[in-house]
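Working notes, beginning with the structure itself.
Computed from a prediction, not measured in an experiment: that's the story for all the values here. Order of listing sets the numbers, starting from 1, for every ligand and every atom in it.
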Amino acid sequence: MNKPQLHPESLMMSYGYKPELSEGSLKCPIFQTSTFVFKTAEEGKAFFEVAYGLREKGETEELGLIYSRLNNPDLEILENRLTLWDKAEDCAVFESGMSAITTVLMEFLSPGDVLLYSQPVYGGTSHFIEQIITRFGIKVISFDAKDAEQDIIDRVEKSGFGNKVNMVYIETPANPTNQLIDMVMCKRLANRYSTEERQTLVAVDNTYMGPLWQHPLKHGVDLVLYSATKYIGGHSDVIAGACLGSKELMTRVKGMRTFLGNMAGPWTGWLLMRSLETLKARMNVQEKNAQNVAEFLINHPKVGEVFYLGNIKDENQQRIFDQQCEGTGAMVSFEIKADKTEKGAFKFLNSLKLMKLAVSLGSTESLAEHPASMTHAGVSPEDREKYGISPQLIRLSIGVEHQDDIIWDIEQALENV
Ligand SMILES: *Cc1c(COP(=O)(O)O)cnc(C)c1O
């Protein structure tokens with residue numbers, strides 16, 4: 001029988017690892033070493049020639065192991081496994097999601113360039129874009145899910161910097177209200193702003209949906225970014241990040257990573273490989289549980305608006321969902337009804353018995369938080385209102401507990417409101 005094209009979940013335990021190179025160890029060991037021994041001086045020279053781009057790597061040649069800031073087996077095997085979910089040519093792993101994002105922005109933007117980005121984005125990303133890269137002569141222009149393509153084109157036109165747009169950076173769905181940004185539209189915008197000398201790139205923060213429920217590369221996106229702290233790590237015990245894309249672009253990302261020195265360490269790499277073995281099993285349960293939670297909330301008399309990808313009311317948002325999402329995710333936000341303050345929301349959060357009151361998401365345990373005063377405290381009151389981040393809004397990240405127990409917890413907490 002022919003060997004079928006194996007699914008990523010079948011390869012997560014073995015892909016890219018050769019036991020015979022590690023004393024037959026079934027699992028990939030933690031290569032806790034800063035540097036690697038060359039067999040000969042000639043070999044060391046050859047490795048450096050490739051690492052420093054002094055010559056092209058041969059067809060079958062693998063980049064030799066040199067020093068753990070450049071490469072390490074735990075990182076390389078992890079990176080190879082991560083490429084399978086997004087069908088990417090290459091991947092780079094970082095010590096945090098923020099370092100993956102900031103490294104990409106620094107590598108591809110130069111003084112005079114314009115970054116077109118969606119709002120709202122993750123708080124750390126928003127700070128880096130608005131407060132830090134602007135100090136280096138980079139202009140930034142934002143848009144949101146309510147803007148039509150022509151609105152964005154007009155805004156860029158009015159700025160007078162249209163020929164300088166070098167990157168479109170988006171986060172979809174947006175946190176915490178699950179507003180979707182159309183990736184295909186972003187690709188069209190990027191093509192519009194590309195010139196003979198350079199292609200304008202599209203980068204997507206896929207933390208909320210990846211790597212299972214949304215595959216941006218399929219829609220023409222150039223770079224996919226992750227906080228691997230979330231679903232990929234999945235156990236709330238490690239901070240990490242990743243970037244995926246073509247070999248060509250990833251060579252540049254990895255080059256910048258080498259000089260910023262923000263690669264993940266071997267222990268982080270090992271932990272993430274362990275997490276990837278159960279990624280699909282975990283995410284499937286989380287998605288199913290979230291469906292049940294959303295259904296419960298939608299029908300509860302004390303609950304107002306429910307923001308959930310399985311409960312989209314807007315026609316255009318539904319079109320984007322059908323075009324680019326392959327699942328409804330495990331994030332559910334909702335408002336306490338008939339309350340315009342944080343009082344009811346706080347009462348709910350303080351009454352939870354199983355779910356933990358903490359920020360972050362995508363992990364095995366269910367978490368609840370209050371965006372307006374926690375994750376989005378740095379957003380201006382006007383923008384909070386514009387993006388639906390009301391004082392009565394609560395964000396839930398649903399875990400792998402028994403669905404009856406999660407719903408019992410929500411029900412008893414709502415009784416106290
Ligand atoms: C958490 C998060 C980040 C930042 O990742 P860290 O691993 O905390 O550095 C970026 N984007 C999104 C959407 C996130 O949820």
Side-chain angles (χ1 to χ4, degrees), residues 78 82 86 91-106 115 117-133 144-145 169-181 183 203-214 216 221 223-244 253 257 260-265 267-269 271-272 275 283 286 290 307 309 325 329-333 358-363 365-371 374-379 387 389 395-399:
L78 167 65
L82 275 171
D86 277 297
C91 170
V93 175
F94 294 81
E95 201 55 54
S96 68
M98 278 314 299
S99 55
I101 293 164
T102 56
T103 301
V104 161
L105 293 174
M106 287 174 68
L115 173 70
Y117 73 105
S118 69
Q119 270 185 330
V121 285
Y122 181 73
T125 309
S126 159
H127 180 87
F128 192 77
I129 289 176
E130 287 149 26
Q131 311 291 326
I132 300 183
I133 59 171
D144 63 50
Y169 179 98
I170 62 169
E171 199 174 301
T172 180
N175 172 12
T177 55
N178 283 324
Q179 291 290 302
L180 298 165
I181 305 281
M183 294 191 227
V204 175
D205 182 336
N206 200 37
T207 301
Y208 251 55
M209 296 294 274
L212 211 60
W213 302 314
Q214 183 168 272
V221 162
L223 292 161
V224 181
L225 291 153
Y226 288 108
S227 167
T229 310
K230 314 297 163 56
Y231 291 102
I232 293 173
H235 295 72
S236 300
D237 55 8
V238 64
I239 300 275
C243 175
L244 297 104
V253 172
R257 182 183 69 172
L260 291 175
N262 54 6
M263 72 302 152
W267 173 228
T268 297
L271 274 173
L272 291 181
S275 288
M283 289 181 79
Q286 289 175 267
F307 302 99
L309 291 176
C325 301
M331 298 300 292
V332 184
S333 296
V359 298
S360 198
L361 61 106
S363 186
E365 66 276 288
S366 295
L367 300 178
E369 66 113 4
H370 184 248
M374 297 170 191
T375 44
H376 296 68
V379 178
Y387 301 127
I389 308 166
R395 186 187 81 178
L396 305 177
S397 166
I398 303 301

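Closest to atom 8 (O) of ligand 1 among all protein heavy atoms lies Tyr122 OH, 3.9 Å. The nearest protein atom to atom 1 (C) of ligand 1, hydrogens excluded, is given as Lys230 NZ, 1.5 Å; this is a heavy-atom distance. The shortest contact between atom 9 (O) of ligand 1 and any protein heavy atom is with Met98 N, 2.8 Å.
Those atoms of ligand 1 that come under 4.0 Å of a heavy atom in Glu171, given as number and element, are 13 (C). Close contacts of ligand 1 with Ser227, meaning ligand atoms under 4.0 Å from a residue heavy atom, involve 1 (C), 2 (C), 3 (C), 4 (C), 5 (O), 6 (P), 7 (O).
Heavy atoms of Val121 come nearer than 4.0 angstrom to ligand 1 in no pair at all. The closest approach between a heavy atom of Asn175 and any atom of ligand 1 is not below 4.0 Å. Residue contacts with ligand 1 leave out Ser360, since none of its heavy atoms falls under 4.0 Å from the ligand.
In this structure, Phe94 and Cys243 approach most closely via the heavy-atom pair CE1-CB, 4.1 Å. When all heavy atoms of Glu369 and Ala358 are compared, the pair lying nearest together is CB-O, 3.7 Å.
For ligand 1, the polar-atom distance check against Gly97 finds a nitrogen or oxygen pair separated by under 3.5 Å.
The backbone N or O of Gly234 lies less than 3.5 Å from a partner atom in the side chain of Ser363, making a donor-acceptor pair.
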